[in-house]
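Shown next, in structure tokens, is the structure this report addresses.
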Amino acid sequence: MELYEGACELKLLQTLEGHTDRVWSLVWNPATGTAETPLVFASCSGDKTVRIWEQNPSPSSSSSSHSSWNCKAVLEDTHTRTVRSCSWSPSGKLLAVASFDATTSIWENVGGDFECVSTLEGHENEVKSVSWNASGTLLATCGRDKSVWIWEAQPGNEFECVSVLQGHSQDVKMVLWHPTLDVLFSCSYDNTVKVWADDDDDWQCVQTLGEPNNGHSSTVWALSFNKTGDKMVTCSDDLTLKIWEMDSTSMQSADGYAPWRHLCTITGYHDRTIFSVHWSSEGIIASGAADDAIRFFVEDKDGLVDGPSYKLLLKEEKAHGMDINSVQWSPGEKRLLASASDDGTIKIWELASLCTGNGY
Amino acid sequence: MEETEDMFESSLNLEEIHFKEGYAEGYGHGLDQGKEEGQQVGLKVGFEAGEELGFYRGCIIVWNSVIQVDPTRFSDRVQKMIKQMDELVAKYPVMDPENESIQEVMDGLRLKFRAVCATLNVKLEYIGYPKTAQDSEF
Amino acid sequence: MAEPSQLSHLIESFVDSSRSPTQQVREMQMYLTTTDNIIRARGILLLAEVLTCLATKPLDNATLHSLIGFFTDRLADWKALRGALVGCLALMRRKSSAGVVTSTDAKAVAESFLQNLQVQSLGQHDRKLCFELLECLLEHYPNTVTPMGDELIYGICEAVDSEKDPQCLMLTFHIVEVLVQLFPDTSGPFASFAGDLFEILSCYFPIHFTHPRGEDLGIKRDDLSRALMLAFSSTPLFEPFAIPLLLEKLSSSLPSAKLDSLKYLSSCTSNYGPERMAKHARAIWLSIKDALYTSLQEPTLSFTSESLDGLVFQENEIAKEALTLLQQVIMQNNGLFLSLIVEDEDINIILNAVPSYESYNDIPLQGKLKLFAAGCILSISTKTSVACCNMIFESFFPRLMEILGLSEKNLSGDHSPKDNYLISKRLNFGALYLSVELLAACRDLIAGSTQIACKSVSTYETSYCMLHSFSNLLTKAFCSTLVTSHHDADIYFGVKGLQILATFPGDVSPVPISEFENILITFMSIITVNFKKTLLWRLTLKALMNIGSFIDRNNESEKILIYMRIVVEKIVSLVSLDDVTMPFPLKLEAISGIGTSGLNYMLHIIQGFEEAIFANLSEIYVHGNLKSAKITIWLLECYSNKLLPWIHENGVFEEVLLRFPINIWKQIESCVDFSVPEKELLDAMMTAMKHAVAFCSEESQNEIIQKAYNVLSSSTSFPLKESMALTIPFQLEGLQLTQKMDNLSCRDEWILSLFASVVIAVRPQTHIPNVKVILNLFITTLLKGHVPAAQALGSIVNKFGKSSTGSEISSDCTLEEALDIIFQLKLWTHQDNGALLRCSVTGSEMGHTDLCQAVVNNKLPQILAITGLSWIGKGLLLRGHDKVKDVTMIFLECLLSNGNALPLSQHSLENSCEQDLHASVMKSAADAFRILMSDSEVCLNRKFHAIIRPLYKQRFFSTMMPILRPLIMKSDSLLSRSMLYGAFAHIISETPLVAVLGEAKKLIPILLDCLFMLNKDAQDKDILYSLLLVLSGILTDKDGQEAVVDNAHLVINCLTGLIAYPHMMLVRETAIQCLVAMSELPHARIYPMRIQVLQAISKALDDSRRAVRQEAVRCRQAWASIASRSLHF
Amino acid sequence: MVSELINANPIVYEKKERRARSAPIAVEEYAVEPIDQQEVFDHVRDIKDPEHPYSLEELKVITEDAIEVDDQQSYVRITFTPTVEHCSMATIIGLCLRVKLLRSLPSRYKVDIRVAPGSHASESAVNKQLNDKERVAAALENPNLVDMVDECLAPSYD
């Protein structure tokens, strides 16, 4: 059943404190949230640490609103500067951590506690984002040195540099692998999103989504794919969200790469930089911005007359005391959202629909 | 008639003559100076390029000799990258400074070199390497 | 041989030994003659030192001769020079009584000195000795050395040349000074050397003192400068060299050089004499002018009443010196200089420029400066002498009058048409200013000359005649400006002009009495009418005051009479009821101003004042006219704050001081239906009474208090029979009393309050009649909540039985008895209504319900009793009496008494109100400590002759703390705990910081708890603040910080808590400042707290008040610097 | 670091003397004094220029009316004017401004900092960089920069 405006509310379940500086980003462990494994996510901060948070399984009732969260582990004394982002391997066993100290560390979950099993060096300075591909064989990093690096996991936590991609003209803010294909997306201070694909071990920029093709007019901070991976949303300093669509029809013969085209632009909602956007498995786009607000968008099925459009589902003013740096939907069936902010806190929200049953 | 013109010509064109002389003089002087400076610059740039190129060449030779001793020591990918570097070095138009491919080749080399180092986890760095990040930048 | 250290001992032994120096010499023979330089040097020095010590021991000529002979030729022995010099000095300086060196020997010394010593090649100390020796020779043996003539002078020149050391320089300058006096004649040997010698001196001018501050030579730049100046001006022979040099330096840009040059020039002028100076006259004049112009910046012309009698350029050194020099030179050669001035172009230019600018603001800055410079020059030269005065007047006065439009022809015949013309015309500022300057100068001259009793300025002097002829017009002119002009400058000088005209000394005043009257009249009309023009009004008042004090000083009886008639009378009449046009405060300002400008006036005014007060009073209680109440209050305040103190300072006028209180009493006595409800008025009256009484002598006080007592006993409802003096019957009386007291009539209250005031203000020696009764009266009344009674009690016990000599004076009751009475009352109160003694004796165990009821009903008197008791306690505390302990104990018991113990659970309503009452009792007990510790304005202070033992606060503090601390620790009831904290807070916040610092380590934890507790209730904000100030005092002190270190975390917790204190901005601000102070503690200690602090501060950054935010920013900076570089939190 | 001065001899302007605030006593205890233009100006006026011994105020890099404050919206915008067009110090100055305000303003505030339109060669680039909080954050972990900034923010001599 469809979600429609006013049909749902955002409930704050808990505010997590612990970081002593702004929280840059958080990421859910994809392998959790099932019946036997409680939800887990990692958050990283300007205090140079990563914190692992776990949901207390609440025996009383299934509703997560009663269950509380606490900090399982603190990953510290490895990075000497801000930890900017991290990424779980699909298995949920490994956590890759990118730091301003120019290194990327790999942590392995050994029976609950985490140990640093490898450190990737190569970037000249701040590493700003890291991402595992769907199969967990490839790891991508990017940073201020304008380069994107692709690493291949070797047995024994060895990592081999597959390729160093130069193409962006400014520092690269985020890298993200396509949910199914081995195609890498990077977005940058140079206002573009670049798409990288390889033909046998030789990685090339196969597409650049910039202003000419309805791209963003300022720094692109983040991007996210819908469940199936045929749509992508990007957010930017230009205060807009843009929806992109994989154009399977004009499939480029050779490497079976399908180009992306601009579908629509969600504009006029945010009045400061949008730092984070995340597309839920059920199609709700959450965005977090420097205006301290969290917003939710869903596709507007009625307005198909002139192409697909997206409408504001819900808006949470003053969700945090300061900028919101990251919003992430949890795995599992509950509509849980975690948000991280400059105010040093992480908040766990539940998007509850007022009407009976939940979408899909 | 002509004679009269003749006899005055020199005095009439006096300015022009002086201008020409001055110009020629200056031009010649500039030419020498320019050559001089150009040579200096050339020497400097050439030396730098050569030095960096040599550095990479050295690394490649060492790595290759390792591979000869133990072909399994490096992964195929690394070996491939070393090979690519080798080609790039060879490809570098040492004798043809005018060639516009110079920068491209050098960048490629640097990139590959860093990739190899990263993979081998060795902290090798060419000292003269132009760092992009100066202290007062961010 | 003796080490220098032992030398002194040796000397002692030598001196002690009665042996004659000859013997010593003989004994020391080998030391004095050995070839070992060191030993010889020490030997000789030893002998010399010995002789110095023996300065007073008589020596026969032979010995002296041989000794001086020895030292004289030792002068050649430069390895042993020190000893030789000291020796010579010792001998040369001997007093004639003990035998002195003969002139022949002195000559020998001088010769030896001149031929043997290369002074400048010696060390600083030796040089100093040399110069002392020279000085000594020149001063003690002038006749001996003078004949040496050239040789001597040359030698000295050589010796002093290029000396650098300040101490030596002082000597050399003096030497030169003395030397030149030996050769006065201008043709003598000295003349030839004058040039060289001056050259040596000249290089030191102007003194440039480069000596490092570090070593203090006890010599300042000024000393050197003065010494050099004396040397410069020591002989006219220097004139050809000195004057040009000085003039040159005068033109330098260096202020100090200018200043010195001017000073030197003055001194030289007087010493070189007129004929030598004459040729420099023009140059000097020019440079003086120059100095004046350049030194005058934008004149700080504040046209205020303060500056009315002050000069304009007071602060400008150079200008001052220049003018003194000018006066100097004019005095020396007035003909010459005056002609210079009179003919001077600049001055004439300035004068010619005057007409072109009408008002002050039109004149450009340069113009103003020149104008004022001219003003100064003219006034100085006028002041110099009568002759000058005349000359200046002749040459300038008419012109000025011309410009002012007061031309000669106006003088002839009637002015009536002219008057109008005058009034209408606006005076030219420049002319106004200059003529006022001239008038002032002339006035000063005359006044000065009359003071030295020579009537040099007689009525036929030109200046005098001019003034005389113009005085009338001038008066009119000035008066007219005052009314017409709106320019501050004009008004200022108008008033000043009139003031000057009015202050010519009577007998030789060119201003006829009639004008004097006119002036006063004009001023008075301004005072009474133009009070809206503030400046004019103030200036006028000031002028009137100056005139008043002037004629009072020179007791010009005639004018004083006029002044009395026109000014004082009028002023007094101002405060009479009818007139309401003029704002009353202004009236008071005027009246007190005039009053304080002369005794006669004051006495007169006081009289009028009192009449006014009484008139108003009766106005109130007869006609119930309440608007007079405000006026009366004003009058009373003015009376006690302005008039009384002045009277007191200027010789006590017993009768005056005495009159007021007595009259008050009389009046109250006289009218039976006296009823003035105004509380405020009563307070004012009490204050006045206290001050009046306090200033009185013992006798008058006795008189007053007797009178007061009579009124009290005769005409009140208070039954004051002797019989009551005993306690037991008093109980009954007391009970009746209490009934009566409930409806205390207004009159009785006045009488009681005023009586209390008298008691509060009297001296310890003053005898209070029938003390016991008074005590009882006060006690009972205080139980009805009459605070003055309590304060009076406090004063009584404070001053009791202390005569000026400190011995007990016989009174009908001793202190102990008095105290007994007081504390018996407690007993009595107890039986009457339970509570108090229960508190004071056996904590709280009031078993019976009915008793509790009684307690409930009688809580109020209990509170009042506590308040009263606290004033009594204060009295005791100040004089350092032990009984204060008992008092404080009672308070403490109250604080500890636990209201919950009352078994009234059945009817909870009463219980609850009982609770409140109980709480308020405890509150009052806590507040009692504030009364004990804090200084009071209304009683028990020095003004009211309280006996105050030094350091009593510290003492009380250190006795109370050991008692309080354990009590607080183990107190379990929250209520009494909080009350104890209150008491603690009051004590500690009134104790001098030094005392607290000593205890800081112990106090900090409890102090923090206290702050935490006070933090809860908004009502405690003031005490919270003062307590926080104590904490910040500790934190900003070095030792204090050490005391805090161990509790750093507690302090920070407390402070971070207070940052959010909602009720008082100052608290938040101070708390943050304290945190800044905390950031200076050892970082190891505070580092763990930094996050906590920074978080708290980041909230303070969003405080509603700016001041707090600013402190927060500072604090954040301080802590961020020790914290990590993180920008957040 | 730049070896030689970008602008060797800048024009130095008079300091605007501090307007006296009404004494806190005058204000009612619970009165609210909103953050205003002058207050923000007072925060930044004494920041020293990275390469001159003068304050930004003295160099007219900052003026009071170049500061927009909206206490309701918790918003501040500062527009500063580099001494010369190609001033490479512009970013440093901007950084100093940002840091000073981060340390002085309540956390609820949003701050925008920009160079005055037309006052700098690479205006938009500078503005973009100054308002990219990630790069600012990174900059403030760079010891050299932090020292430079603290130098400029050090309490001034007068």
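A note on names: the letters A, B, ... follow the listed sequences, proteins ahead of strands, and every chain is numbered from 1.
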Exercise for the section: Keeping the roles fixed (side chain from E141(D), backbone from F100(A)), state whether a donor-acceptor pair exists under 3.5 Å. Expected result: no
Handout entry: Side chains of W24(A) and E134(D) in contact at under 4.5 Å (non-hydrogen atoms)
Key = yes
Practice task
Would you indicate whether the side-chain heavy atoms of D132(D) and K173(A) approach each other to under 4.5 Å?
Solution key: yes
Fill in the blank from the handout: Contacts of A116(D) meeting side chain to side chain contact (heavy atoms under 4.5 Å, CB included) (sequence neighbours excluded), chain-then-number -> T79(D), T81(D), S119(D)
Problem - salt bridge (Lys or Arg N to Asp or Glu O under 4.0 Å) evaluation trace for D190(A) with K128(D) - result: CA-CA 11 Å; D190(A) 67 10; K128(D) 190 173 183 184; over 6 Å; no
Handout entry: Residues R135(D) and E126(A) bridged, charged N to O under 4.0 Å
Key = no
Handout entry: E151(D) CD: over 12 foreign heavy atoms closer than 6.0 Å
Key = no
Problem - Proximal component of Y189(A), with respect to chain D [non-hydrogen, under 4.5 Å] - result: both
Using residues 318-325 of chain A as the side-chain source, report each donor-acceptor pair under 3.5 Å to any protein atom, sequence neighbours left out, with the distance given to one decimal.
residue	atom	partner	partner atom	Å
H320(A)	ND1	D343(A)	OD2	3.1
H320(A)	ND1	T345(A)	OG1	3.2
H320(A)	NE2	S339(A)	OG	2.7
D323(A)	OD1	K110(D)	NZ	2.4
D323(A)	OD2	K133(D)	NZ	3.3
N325(A)	OD1	K133(D)	NZ	2.3
N325(A)	ND2	V23(A)	O	2.8
N325(A)	ND2	D342(A)	OD1	2.8

